[in-house]
Protein chains: 2
Amino acid sequence: MARSRAEMMQETRAKLIAAARKAFAEKGYADASMDELTAAAGLTRGALYHNFGDKRGLLAAVVNQIDEEMAAKATAIASHIEGEWQALLVQGSAYIEMALDPEVQRIVLRDGPAVLGDPQQWPSQSGCLHTTQETVERLIAEGFLKPVDPEAAARLLNGAALNAALWIAASDDPGEALPKALDAFQLLASGLLK
Amino acid sequence: MARSRAEMMQETRAKLIAAARKAFAEKGYADASMDELTAAAGLTRGALYHNFGDKRGLLAAVVNQIDEEMAAKATAIASHIEGEWQALLVQGSAYIEMALDPEVQRIVLRDGPAVLGDPQQWPSQSGCLHTTQETVERLIAEGFLKPVDPEAAARLLNGAALNAALWIAASDDPGEALPKALDAFQLLASGLLK
DNA sequence: CAATTGACATACGGTGCGTATGTTTCTATT
DNA sequence: AATAGAAACATACGCACCGTATGTCAATTG
């Protein structure tokens, strides 16, 4: 069956995003060459600027893809947990563990904010942040949490989890740091409980 | 009085750092031109590569300077507070407010980690982080806090404060977001209390 | 079946970093 | 005190890279 034009274009976009994911993760955004990137995908820079506008646009597409994957994982995990409060804790732990992935760290947590600006302004709206806020809102509505601003709480929880992940990743012994971080995270989160 | 050789060099270093602070804050690290930077300081790129090695070295020097200023402010503020727990809260609030400075945000919080890597690994060791950890350690020793890993707790607290600041700065109405963030921060921190 | 548009490739210009090479001023040694 | 050496910076060069402008070929449309 002959692929249609739209299918062809989606394929080149996918190839470019995949190559960019690899290059951005390995070399970082600044040191990733668009020539090498596109050549690795069997294309040229022409395809890039046609599909994504510029280098930032490609990074945005990559970040979107990763972010969607993270959000999907987070919701999938949380859906198996009974109890909203446990779900929030598990979600936070999941976020910490996902943020241990070097690809996530480099692209989403380091270069992403530096190049694209505040994650909250991204079209994906930083999926994990969004799901966290929704959980917090439900918990407040059900009376489990003190009356705190949901967005602020979600922001701080995610910030705490993010820094926990960065700390663990840079740690000499991640296996030792992880439980400490999870423990501290649950303690902090318990401050929101009534 | 004739300035000595070392004094002259310190002066050029100071001039370069000052010019870099302005350029990095206004244009961001990537878009800051070394030629313009040094010309604004009345020098050339030669002085730069002699004193700081490369562009990253200059950013590191700038980050160090700002970080030291922040740590000095934080300790100065905390020293006037009686009670370690109140000091910790005030310190966190001070950190949030300092992080509202666009210069701090852009250079220390965005470009710094992206270019230089994890702040914990910086020579300044991210001053605020260090002072926070010390306060947490004292509070644990005095029995005010649950037995949590001090480094982990300091990391998460600072991460929460940092994201609070980023949220406020990107908010439509910072004046409204600030008290919400401070409230959420204090709630989270109270989770560490016995 | 012409004409036009879309999807990409190729070619070009400009900018900016890092380094290699000068140049001048201070220092040190005899 | 004179010269050798180095330090501090300026100048000059090469290279890589991004963005755009232009070209090309296939597909679609009337």
Side-chain angles (χ1 to χ4, degrees), chain A residues 1-63 107 111-112 114-117, chain B residues 1-63 107 111-112 114-117:
Chain A
M1 147 187 180
R3 295 179 301 275
S4 75
R5 268 164 95 62
E7 283 170 346
M8 293 277 289
M9 193 159 179
Q10 286 293 33
E11 191 178 326
T12 72
R13 287 177 61 93
K15 281 196 285 191
L16 287 175
I17 290 177
R21 263 181 90 146
K22 196 176 295 185
F24 289 159
E26 288 174 358
K27 309 191 167 189
Y29 174 80
D31 292 337
S33 164
M34 308 299 268
D35 279 322
E36 293 180 10
L37 228 177
T38 52
L43 296 162
T44 68
R45 288 215 321 279
L48 239 176
Y49 288 93
H50 186 69
N51 282 282
F52 299 101
D54 60 350
K55 194 178 182 182
R56 289 182 64 218
L58 180 60
L59 175 62
V62 170
V63 164
I107 299 178
D111 290 336
V115 176
L116 304 175
Chain B
M1 145 185 181
R3 295 179 301 273
S4 76
R5 204 107 208 82
E7 282 169 346
M8 295 276 290
M9 190 156 180
Q10 286 291 33
E11 191 178 325
T12 73
R13 285 178 63 94
K15 282 196 284 190
L16 287 174
I17 291 178
R21 263 180 90 147
K22 197 177 295 185
F24 288 160
E26 288 173 0
K27 309 192 167 188
Y29 175 79
D31 292 338
S33 165
M34 308 297 269
D35 279 322
E36 294 180 9
L37 227 175
T38 51
L43 297 163
T44 69
R45 289 216 319 281
L48 239 174
Y49 288 93
H50 186 68
N51 282 282
F52 299 100
D54 60 350
K55 193 178 181 180
R56 287 182 65 219
L58 180 59
L59 176 62
V62 170
V63 164
I107 300 178
D111 290 335
V115 176
L116 304 175

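Lettering of chains follows the sequences in order, A, B, ..., and the numbering in each one begins at 1.
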Assign each of G53(A) and E36(A) the nucleotide of DNA chain D bearing its closest heavy atom; nearer the 5' end lies the nucleotide of E36(A)
Heavy-atom donor-acceptor pair, K27(A) side chain to S33(A) backbone, under 3.5 Å: no
Do R45(B) side-chain atoms and M34(B) backbone N/O form a donor-acceptor pair below 3.5 Å? no
If we only count heavy atoms from C-beta on, is the F52(B) to L59(B) side-chain gap below 4.5 Å? no
Proximal nucleotide (of dC13(D), dA9(C), dT20(D)) relative to the R45(A) side chain: dT20(D)
Looking at dC9(D), I'd like to know if its phosphate oxygens (OP1 or OP2) sit under 4.0 Å from a side-chain N or O belonging to N51(B). yes
Whole angstrom value for the distance that separates C1' of dC8(C) from CZ of F52(A): 13 Å
Would you please confirm or rule out a distance under 4.0 Å between OP1 or OP2 of dC9(D) and any side-chain N or O of H50(B)? no
Axis-to-axis angle across the helix from dC1(C)-dG30(D) to dT30(C)-dA1(D), five pairs each end, nearest 10 degrees, ~ 0°
Nearest whole angstrom, please: distance from the P of dA7(C) to the CE of M9(A). 4 Å
Separation of dT19(C) atom P from K55(B) atom NZ, nearest Å, is 14 Å
Comparing nearest nucleotides in DNA chain D, the 5'-proximal residue of the pair D35(A), G46(A) is D35(A)
Roughly how many Å is it from CE in M8(B) to C1' in dA7(D), rounded to a whole number? 12 Å
For A32(A), report the nucleic acid contact type (base, sugar-phosphate, nothing); a contact means any heavy atom under 4.0 Å. sugar-phosphate
From the options dA8(D), dC8(C), dG19(D), select the nucleotide whose nearest atom is closest to the side chain of A47(A). dC8(C)
What is the distance from CD of E11(A) to P of dG6(C), rounded to the nearest Å? 21 Å
Rounded to the Å, how far apart are R13(A) CZ and dA7(C) P? 11 Å
Taking CG from D31(B) and P from dG14(C), how many angstroms apart are they, rounded to a whole number? 19 Å
Over all strands shown, is S33(A) touching base, sugar-phosphate only, or nothing at heavy-atom distances under 4.0 angstrom? sugar-phosphate
In whole angstrom, give the distance that lies between atom CG of L48(B) and atom P of dG18(C). 9 Å
With the side chain defined as heavy atoms from C-beta on, L43(B) is closest, among dA10(D), dA9(C), dC18(D), to dA10(D)
Among all residues two or more places apart in sequence or in another chain, which pass the salt bridge (charged side-chain N to carboxylate O under 4.0 Å, His left out) test with K22(A)? none
Salt bridge (charged side-chain N to carboxylate O under 4.0 Å, His left out) with R21(A): which residues, sequence neighbours excluded? E69(A), E103(A)
Minimum-distance nucleotide to Y49(A) side chain [options: dT19(C), dC18(D), dA7(C)]: dC18(D)
Output the distance between atom CG (L16(B)) and atom CD (E11(B)), rounded to the nearest 0.5 Å. 11.0 Å
Looking at T12(B), I'd like to know whether one of its side-chain N or O atoms comes within less than 4.0 Å of OP1 or OP2 on dC9(D). yes
Locate the shortest heavy-atom distance separating A60(A) from L116(A); write the atom from each residue and the value. CA-CD1, 3.8 Å
Measure the spacing between CG of L37(A) and NZ of K15(A) and express it to the nearest 0.5 Å. 13.5 Å
